[in-house]
Amino acid sequence: MKVLKFGGTSVGSATRMKEVAELVCNGQQNIVVLSAMSGTTNSLVEIANYLYKQNHEGANELISKLEQKYYGEVDSLYSTDEYKQKGKELIEYHFDYIKSFTIDMFTAFEEKAILAQGELISTAMFHYFLEESGTKSTLLSALDFMRIDKQNEPDLPYIKENTVKTLKEKEGFDIYVTQGYICRNAFGEIDNLQRGGSDYTASLIGAAISSDEIQIWTDIDGMHNNDPRFVEKTHSIANLSYDEAAELAYFGAKILHPTCVLPAKIGGIPVRLLNTMEPKSPGTLISAKQEKNRITAIAAKDNITAIKIKSGRMLLAYGFLRKVFEIFETYKTPIDMITTSEVGVSVTIDEDKHLNDIVDDLKKFGTVDVDTKQVIICVVGDLIAETKGYADKIFNALNNIPIRMISYGGSNYNVSILIDEKYKKEALNVLNDNLF
Ligand code: ADP
Ligand code: ASP
Ligand code: MG
């Protein structure tokens, strides 16, 4: 069995859903993971923000607009009166649910329930379409088998056991449709795998059932060598290793959810990135194979905060770094980059919710400087230390851009450079010119 995930643009209209149906009905048994139709999750976030502020009028206006859009889509999706009616009832049901939150108090719990509606609607719409066209399709609720634990990490044993069980209970179908992104948390409440999390759902399901392949279908022909939103003339990369893909995803290549490569890597399952709009183009194959001696791609991670702790007295003492890291651990804030010198240490974080507390605690050790609005530029490839010349190329390209931090050596696959966000586009472009 293969797992095929289609993102928001791929299911963004009735026409697109019909194209996806053609792709997935290929004579094999497939698990189809869908995102919400494009724009829906953003609208639901906006609705939730209104509800937090008790602005019911604003929320209702947005809800009505979104609801009308869906009535239009179901009308064009189905051809029979029976399914047009089923589609209409589906939209009514989910929007009545969303509207029920405009009356009472609103907390993170209600927000997550609202955010889940996009995927619940798109998958039911798609499943009805397959049924109407005579395909043996069944709809699985991801809430029955996707779960995160108290640390908000996927509960792997639970997911494996329950995915296998759910599939077994529904033997004999050709297409199994389910929701990306949504899950339950350790308390059984509706939750999610963070924005862009449908990719993660696909790789978790793929790993749970030891699938033959995981396919991520999107609106571009695979992983490009640079961010196509900021750089012209980027090109698709035919082969990526799991490690390269993981670095690129974590450091900002939006085509993949930051942590979705790991389950596939552990299970040794190939991941293919494919283009729904150009299904024949080869896309990118992610596997254990590492191409030698090449710079593969560049990515950029936004909204980074750099924190420098200067402490001449303590830095060389053993135990100092541990104490620094413990502070970040206390506030459950991951560190992305680290650099050290004899008088200080710099780290970066992208989650700044507890920044003030962290800085207050760090002040025990010395002076603390904070730079916000930074960007990590990440160059990924087979950059082993024995191969000369890469550093020269990278830093020559960045000659005119002030560099705040540099990190190499954590792996052979990544050089990370921290710069102010105002230089991001320029940095991506000059690196593109010099490295490829
Ligand atoms: P989906 O809705 O299918 O999940 P996303 O918008 O999350 O799609 O991801 C696809 C987008 O990622 C592309 O349209 C592209 O703009 C962006 N992107 C950023 N960096 C890269 C890259 N290195 N290669 C390919 N796409 C990238
Ligand atoms: N619909 C969710 C989002 O927009 C999840 C996804 O598309 O991967 O973030
Ligand atoms: Mg995505």
Side-chain angles (χ1 to χ4, degrees), residues 4-13 16 20 23 32-46 48 66 111-112 114-123 142 146 178-183 191-204 214-238 240 244-261 271-278 281 283-284 286 295-302 375 377-381 424-425 428 431-432 436:
L4 282 61
K5 176 260 168 176
F6 293 84
T9 320
S10 303
V11 294
S13 66
R16 291 242 184 279
V20 170
L23 286 170
V32 176
V33 176
L34 300 184
S35 294
M37 295 177 90
S38 55
T40 300
T41 312
N42 285 345
S43 298
L44 294 172
V45 168
E46 258 184 273
L66 193 62
E111 179 185 13
K112 285 166 179 169
I114 285 192
L115 293 187
Q117 300 309 306
E119 271 72 10
L120 289 168
I121 297 174
S122 67
T123 48
M146 291 302 295
T178 193
Q179 303 82 28
Y181 177 60
I182 69 172
C183 61
D191 212 311
N192 61 63
L193 300 173
Q194 309 292 325
R195 295 304 306 270
S198 296
D199 303 332
Y200 207 10
T201 305
S203 70
L204 289 166
I214 298 160
Q215 298 182 351
I216 308 286
W217 289 82
T218 180
D219 57 3
I220 188 164
D221 57 340
M223 179 73 79
H224 277 219
N225 66 319
N226 206 328
D227 194 324
R229 295 167 297 178
F230 299 95
V231 179
E232 278 176 38
K233 293 201 191 112
T234 57
H235 60 261
S236 170
I237 304 160
L240 277 179
E244 288 176 321
E247 298 273 13
L248 287 168
Y250 188 76
F251 286 106
K254 191 191 168 223
I255 186 170
L256 282 178
H257 176 276
T259 50
C260 80
V261 179
V271 180
R272 231 177 254 283
L273 310 181
L274 294 158
N275 188 351
T276 315
M277 324 306 160
E278 271 179 54
S281 87
T284 299
I286 303 169
I295 292 186
T296 310
I298 304 165
K301 186 168 176 169
D302 301 324
V375 172
I377 303 283
C378 171
V379 179
V380 167
K424 169 178 165 175
K425 190 169 176 192
L428 290 175
L431 284 168
N432 210 60
F436 302 110

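Predicted, not measured: the structure shown is a model, and the values here were computed from it. Values reported hereafter were calculated over all heavy atoms of this structure, with side chains retained and with hydrogens, waters and symmetry mates removed. Both ligands and their constituent atoms are indexed starting at 1 by order of listing.
Using modelled atom types, one side-chain atom of N226 and one backbone atom of L428 make a donor-acceptor pair closer than 3.5 Å. The backbone N or O of N275 lies less than 3.5 Å from no partner atom in the side chain of D221, so there is not a single donor-acceptor pair. Formation of a donor-acceptor pair under 3.5 Å by the T234 side chain with backbone atoms of H224 is not found in this model. Between the side chain of S203 and the backbone N or O of C260, at least one donor-acceptor pair lies under 3.5 Å. Between the side chain of T123 and the backbone N or O of E119 there is at least one donor-acceptor pair closer than 3.5 Å. Judged by distance alone, with hydrogens and angles left aside, the side-chain atoms of T9 form no donor-acceptor pair with the main-chain N or O of G12 at under 3.5 Å. Listed for the Q179 side chain is a donor-acceptor partner under 3.5 Å among the backbone atoms of A142.
Ligand-side atoms of ligand 2 in range of T41: 1 (N), 2 (C), 3 (C), 4 (O), range being under 4.0 angstrom from any heavy atom. Close approach to G197 involves these atoms of ligand 2, each under 4.0 Å from a residue heavy atom: 5 (C), 8 (O). Residue-ligand proximity, R195 to ligand 2, at heavy-atom distances under 4.0 Å covers atoms 3 (C), 4 (O), 9 (O). Shown in contact with I220 at under 4.0 Å from a heavy atom are these atoms of ligand 1, numbered in order with element: 13 (C), 25 (C), 26 (N). Near E119, meaning under 4.0 Å from one of its heavy atoms, ligand 2 places the atoms 1 (N), 2 (C), 5 (C). Listed by number with element, the atoms of ligand 2 under 4.0 angstrom from any heavy atom of S198 are 5 (C), 6 (C), 7 (O), 8 (O).
Between G180, A253, S35, G222, it is G222 that holds the heavy atom closest to atom 25 (C) of ligand 1. Of the options K5, H257, R195, the smallest heavy-atom separation from atom 4 (O) of ligand 1 is shown by K5. Selection from L256, I255, D219 by nearest heavy atom to atom 13 (C) of ligand 1 gives D219.
Note on ligand 2: G180 sits outside its first shell, no heavy atom being nearer than 4.0 Å. Residue contact check for ligand 2: Q194 places no non-hydrogen atom closer than 4.0 Å to it.
Considering both main-chain and side-chain atoms, D199 never comes within under 3.5 Å of ligand 2 through any nitrogen or oxygen pair. Between S35 and ligand 2, an N or O atom pair is found at a separation short of 3.5 Å. Residue-to-ligand polar distances keep D199 apart from ligand 1: every N/O pair is separated by 3.5 Å or more. Ligand 2 has an N or O atom lying under 3.5 Å from an N or O atom of G196, backbone or side chain. Not a single N or O atom of Y181, backbone or side chain, sits closer than 3.5 Å to an N or O atom of ligand 2.
In K254, the parts holding a heavy atom less than 4.0 Å from any atom of ligand 1 are both the side chain and the backbone. Of all the heavy atoms of P228, the ones lying under 4.0 Å from any atom of ligand 1 belong exclusively to the side chain. Residue N226 touches ligand 1 through its backbone alone, judged by heavy-atom distances below 4.0 Å.
The two residues L240 and I237 make their nearest non-hydrogen contact at CD2-CG2, 4.2 Å. Across all their heavy atoms, G283 and S236 have their closest contact at O-OG, 3.9 Å. Nearest heavy atoms, M37 versus S122: N-CB, 4.1 Å. Taking each heavy atom of S198 and K5 in turn, the nearest pair found is CB-CE, 3.5 Å.
Of the protein's non-hydrogen atoms, R229 CG, 3.4 Å is the one closest to atom 16 (O) of ligand 1. Protein heavy atom at the shortest distance from atom 24 (N) of ligand 1 is H224 N, 2.8 Å. Nearest protein heavy-atom contact of atom 2 (O) of ligand 1 is G8 N, 3.2 Å. Protein heavy atom nearest atom 8 (O) of ligand 1, with residue, atom name and distance: T218 OG1, 3.1 Å.
Ring pair F6/W217 is parallel by interplanar angle, where below 30° counts as parallel and above 60° as perpendicular.
The residues K254 and D227 are annotated as not salt-bridged, no charged nitrogen and carboxylate oxygen being separated by less than 4.0 angstrom.
Annotation: side chain of V45 is in contact with side chain of L115 (closest heavy-atom distance under 4.5 Å).
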